[in-house]
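Structure first, then comments.
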Amino acid sequence: MTIHIHNTLTAKKEPLQTLEPNHVKLYVCGITSYDYCHIGHARSALAFDMIVRYLRFRGYRVTFVRNFTDIDDKIITRAQEQQTSPEELAERFIGEFYTDMDALGTLRPDFEPKATEHIPEMIELITQLIAQGKAYEAGGDVYYVVESFPEYGKLSKRNIDEMQAGARISVNEQKRHPMDFVLWKASKAGEPSWPSPWGPGRPGWHIECSAMSRKFFGDTFDIHGGGQDLIFPHHENEIAQSEGASGCPYVHTWVHHGFVTIRDEKMSKSLGNFLTIRDILAHYHPEVLRFFIFSTHYRSPLDFSESAMQDAATGLERLYECIAAVDALPGGSADTPTLLPAEESGRLAAVRDRFVEAMDNDFNTAQAQGIFFDTVKSVNRLLSLLPAEPARADVAILRGTAATLKELAGIMGLLREDARTFLANRRTAKITGSGVDVPAIEALLAERDQARREKNWQRSDQIRDELLSRNIEIQDGAGGTTWTVKG
RNA sequence: GGCGGCGUAGCCAAGUGGCCAAGGCAGUGGUCUGCAAAACCAUUAUUCAUCGGUUCGACUCCGAUCGCCGCCUCCA
């Protein structure tokens with residue numbers, strides 16, 4: 001089996017081929033650091049976190065590069081608003097980004113280049129383009145000659161004429177052609193600037209990725225990723241710059257993930273409908289967010305809602321409950337005959353293969369989650385059949401399955417906590433959130449326990465209803481009564 | 001207007017032409033339980049927006065229609 005990945009460039013799923021055997025060179029567009037990250041950024045980070053982990057799980061060496069855009073119009077504007085310097089603002093939000101990413105538990109990329117630390121590389125690339133007649137200087141700015149690149153539009157499936165028909169291209173007297181885009185901008189007074197052959201200025205947005213990916217990977221690399229909104233113009237322009245300069249193919253596979261929407265609309269600051277990662281994590285465990293994000297294929301839109309998050313939380317708890325039940329199993333006896341039907345043990349043993357098949361198909365995490373639930377169902381079924389002194393062989397199979405489940409779910413960053421701890425913490429979080437009085441509950445339960453011993457069912461049920469009205473749900477088990485907070 | 005994508009049960013969501021259309025949430029019946037809860041078992045789309053076409057056979061391919069969304073300006 002080979003991994004198939006959807007390639008935006010060809011609009012097809014293609015078998016993964018790497019330039020170097022078993023080595024994937026992956027570049028992902030990171031954030032422009034001028035504000036807190038929202039769930040859309042979380043989706044991007046988590047999608048590529050999963051992809052990197054999965055490729056490594058499948059035996060690839062992955063070199064993962066993700067940049068920071070730390071100089072940009074928005075940064076300059078925001079810094080002025082906040083009466084600080086662009087450098088300070090950008091650094092601050094890079095720090096906030098790390099805070100969020102660490103909370104989400106994402107892997108650090110192997111390299112995290114910043115635009116401001118690669119100005120010479122950008123100047124060199126621009127110089128090469130000018131030397132080839134593919135860029136020109138005008139009034140301290142440098143522009144790319146779009147018409148010098150006949151394949152312009154091949155990624156976003158557009159052509160220059162059609163786009164000119166749209167009237168939204170700003171008129172700029174400096175440009176020779178309205179679609180020409182800026183590689184280097186002359187700085188205005190008070191703006192950050194770097195010396196260049198064209199005078200003091202700063203880089204255009206697109207050039208940084210071309211220059212930095214070339215630094216780490218050379219002229220051609222395997223996978224370039226980002227959000228679907230980057231396809232045009234950002235990635236289209238990167239292709240024009242890089243292929244224009246090198247004459248080589250820039251990227252083999254383009255991977256673009258879908259948006260997070262709220263009430264089916266794209267999150268955007270102008271609509272005021274965006275939620276930051278820390279907003280979400282204040283209310284939900286990071287794994288709940290991950291579970292929610294991976295419940296839909298990465299290229300599809302994903303609609304955020306409270307109820308969807310609740311479903312995700314319920315689903316994740318179901319997985320953890322199962323793991324916790326297996327963890328609680330006794331060692332088992334060699335004298336007890338095994339109960340596990342061959343069909344069932346075969347199904348459990350197939351989990352890994354089924355998971356790989358789903359994930360090899362363009363990282364189908366939604367299908368993979370379905371396989372987790374299938375597995376949980378099988379495990380629970382067997383658990384419910386197990387006698388007090390189960391067969392050692394059955395226990396071994398269940399423990400092995402639980403371990404596999406944790407390993408595979410770990411690729412999505414799920415089931416990474418100790419199950420009992422997770423469930424206990426979750427209950428604690430709910431208690432804290434709802435202001436439940438634990439000693440009062442314990443007292444009522446003790447009273448109910450006494451009532452039950454006396455077979456005073458009326459009083460016993462009265463207490464249960466009383467607790468339920470406070471959102472406390474109880475479970476009578478062999479080892480006593482436990483309780484959880486609903487919701 | 002141009003380009004791209006989507007429309008699968010009450011909700012969410014897989015499905016790379018052909019065994020009964022995954023899975024989750026919610027619902028219903030049952031087992032268990034003093035009664036419950038959890039768990040388990042069973043059940044919930046003769047049908048995949050609509051209409052045509054290709055094919056022995058289509059949710060899967062092609063065309064049209066309707067509806068929704070995104071990009072075309074900064075954007076994950």
- Separation of B:rC40 atom C1' from A:L386 atom CG, nearest Å, is 13 Å
- Item | Integer angstrom distance from the P of B:rA49 to that of B:rU8 | 7 Å
- Query: Whole Å only: how far is the OH atom of A:Y298 from the P atom of B:rA14?
  - Reply: 13 Å
- In whole angstrom, give me the gap between the C1' atoms of B:rC11 and B:rU50. 23 Å
- Task: May I ask which nucleotide in the shown strands pairs with B:rU47, Watson-Crick or G-U wobble, both distances under 3.5 Å?
- Result: none
- Should A:E151 and A:I239 count as side-chain neighbours, where that means a heavy-atom distance under 4.5 Å? no
- Query: When all nucleic acid strands are considered with a 4.0 Å heavy-atom cut-off, which category describes A:H256: base, sugar-phosphate, or nothing?
  - Reply: nothing
- Item | Test: A:R92 and A:E96 ion pair at under 4.0 Å | no
- Item | Matching residue for A:D362 among A:K13, A:R299, A:K12 - test: salt bridge (Lys or Arg N to Asp or Glu O under 4.0 Å) | A:R299
- Message: Here's a test of your reading of the structure: between A:K157 and A:G258, which maps to the more 5' nucleotide of RNA chain B?
- Response: A:K157
- Choose from B:rG4, B:rG34, B:rA76 the nucleotide whose nearest atom is closest to any side-chain atom of A:W457. B:rG34
- B:rU60 pairs with which nucleotide, Watson-Crick or G-U wobble, both distances below 3.5 Å? none
- Is the A:F64-A:F111 ring centre distance short of 6.0 angstrom? no
- Query: Got a sec, which residues hit side chain to side chain contact (heavy atoms under 4.5 Å, CB included) with A:D374, two or more places apart in sequence or on another chain?
  - Reply: A:R347, A:R354
- Message: If you count heavy atoms of other groups shown closer than 6.0 angstrom to CD of A:E357, is the number above 12?
- Response: no
- Query: Heavy atoms under 4.0 Å, any strand shown: does A:N364 hit a base, just sugar-phosphate, or nothing?
  - Reply: sugar-phosphate
- Item | Residue whose nearest RNA chain B nucleotide is more 5′ - A:V376 or A:S156 | A:S156
- Item | Any A:R459 side-chain heavy atom under 4.5 Å of A:E447 side chain | yes
- Under 3.5 Å, is there a donor-acceptor pair linking the side chains of A:S213 and A:Y250? yes
- Message: Just to be sure I understand the rule, does A:L383 reach a base, reach only the sugar-phosphate, or reach nothing, if contact means heavy atoms closer than 4.0 Å?
- Response: nothing
- note: A:M359, atom CE; B:rA14, atom C1'; distance rounded to Å ~ 14 Å
- Query: Between A:F181 and A:Y143, is the gap from one ring center to the other below 6.0 Å?
  - Reply: no
- Message: Applying the Watson-Crick and G-U wobble criteria at under 3.5 Å, what pairs with B:rA14? Answer none if nothing qualifies.
- Response: none
- Starting from P on B:rU16, measure out to CD1 on A:I3 and report it in whole angstrom. 18 Å
- Message: Under a 3.5 Å cutoff, is there a donor and acceptor pairing between the side chains of A:E454 and A:Q450?
- Response: yes
- Go through the structure and list residues passing salt bridge (charged side-chain N to carboxylate O under 4.0 Å, His left out) with A:R43, not counting sequence neighbours. none
- Message: A side-chain contact here means heavy atoms from C-beta on lying under 4.5 Å apart; do A:Y54 and A:I3 qualify?
- Response: yes
- Message: What is the distance, to the nearest angstrom, from the CE atom on A:M179 to the P atom on B:rU73?
- Response: 7 Å
- Message: One pair to check against side chain to side chain contact (heavy atoms under 4.5 Å, CB included): A:T2 and A:L16. What are the steps and the verdict?
- Response: CA-CA 7 Å; A:T2 46; A:L16 172 62; over 6 Å; no
- When you compare B:rA42 with B:rC25, how far apart are their P atoms, in angstrom units rounded to a whole number? 15 Å
Any N/O pairs under 3.5 Å between the protein and nucleotides 68-71 of chain B? List them or say none.
| residue | atom | partner | partner atom | Å |
| --- | --- | --- | --- | --- |
| B:rC71 | OP1 | A:K266 | NZ | 2.5 |
| B:rC71 | O2' | A:R158 | NH2 | 3.0 |

- Which one is paired to B:rA22, where only Watson-Crick or G-U wobble pairs with both distances under 3.5 angstrom count? none
- Just jot down the salt bridge (charged side-chain N to carboxylate O under 4.0 Å, His left out) partners of A:D279, sequence neighbours excluded, or say none. none
- When you check the phosphate oxygens OP1 and OP2 of B:rG2, does a side-chain N or O of A:N159 lie under 4.0 Å from one of them? no
- Give a yes or no on whether a salt bridge exists between A:D476 and A:R448, defined as a side-chain N under 4.0 angstrom from a carboxylate O. yes
- Item | Pairing partner (Watson-Crick or G-U wobble, both distances under 3.5 angstrom) of B:rU54 | none
Listed pairs, N/O of protein and of nucleotides 58-63 of chain B, under 3.5 Å:
none

- Message: If the threshold is 4.0 Å, N to carboxylate O, is there a salt bridge linking A:R202 and A:D73?
- Response: yes
- Message: For the C1' atoms, the ones on B:rC59 and on B:rC20, what distance do you get once it is rounded to whole angstrom?
- Response: 16 Å
Could you list all N or O pairs between the protein and nucleotides 36-38 of chain B that sit under 3.5 Å apart?
| residue | atom | partner | partner atom | Å |
| --- | --- | --- | --- | --- |
| B:rA36 | N6 | A:D476 | O | 3.2 |
| B:rA36 | N1 | A:D476 | N | 2.9 |

Identify all pairs in which a protein N or O lies below 3.5 Å from an N or O of nucleotides 18-26 of chain B, and state each distance.
| residue | atom | partner | partner atom | Å |
| --- | --- | --- | --- | --- |
| B:rC25 | O2' | A:D311 | OD1 | 2.8 |

- Note on the structure: Here the distance between atom C1' of B:rC72 and atom CD1 of A:I160, to the nearest Å, is 14 Å
- Item | Rounded distance (Å) that lies between atom C1' of B:rG34 and atom CD1 of A:I463 | 15 Å
- Message: What I want to find out is whether A:D141 reaches A:K175 closely enough, with some N-O distance under 4.0 Å, to be called a salt bridge.
- Response: no
- Watson-Crick or G-U wobble mate for B:rC68, both contacts under 3.5 Å: B:rG5
- Task: Output the residues of residues 38-50 of chain A in contact with RNA chain B, where contact means a heavy atom of the residue under 4.0 Å from an atom of the strand; sort by number or write none.
- Result: A:H38, A:G40, A:H41
- Task: May I ask which nucleotide in the shown strands pairs with B:rC35, Watson-Crick or G-U wobble, both distances under 3.5 Å?
- Result: none
- Query: Taking only residues two or more places apart in sequence, or in another chain, which ones meet A:E473 in a side-chain hydrogen bond (donor to acceptor under 3.5 Å, both in side chains)?
  - Reply: none
- Pick the C1' atom in B:rA36 and in B:rA76, then give their distance to the nearest Å. 47 Å
- What residues, two or more places apart in sequence or in another chain, satisfy side chain to side chain contact (heavy atoms under 4.5 Å, CB included) together with A:L382? A:L340, A:L386, A:L398
- Message: Would you compute the distance between atom NE2 of A:H283 and atom CE of A:M309 and round it to the nearest 0.5 angstrom?
- Response: 10.5 Å
- In whole angstroms, how far is the P atom of B:rA76 from the CZ atom of A:R299? 21 Å
Interface polar pairs with nucleotides 7-9 of chain B, N/O, under 3.5 angstrom:
none

- Message: Under 4.0 Å from OP1 or OP2 of B:rU16: is there any side-chain N or O of A:N361 that close?
- Response: no
- Closest to the A:S384 side chain, choosing from B:rG15, B:rA39, B:rA76: B:rA39
- Applying ring-ring contact (aromatic ring centres under 6.0 Å, His included), name anything that partners A:F68, two or more places apart in sequence or on another chain. A:F97, A:Y98
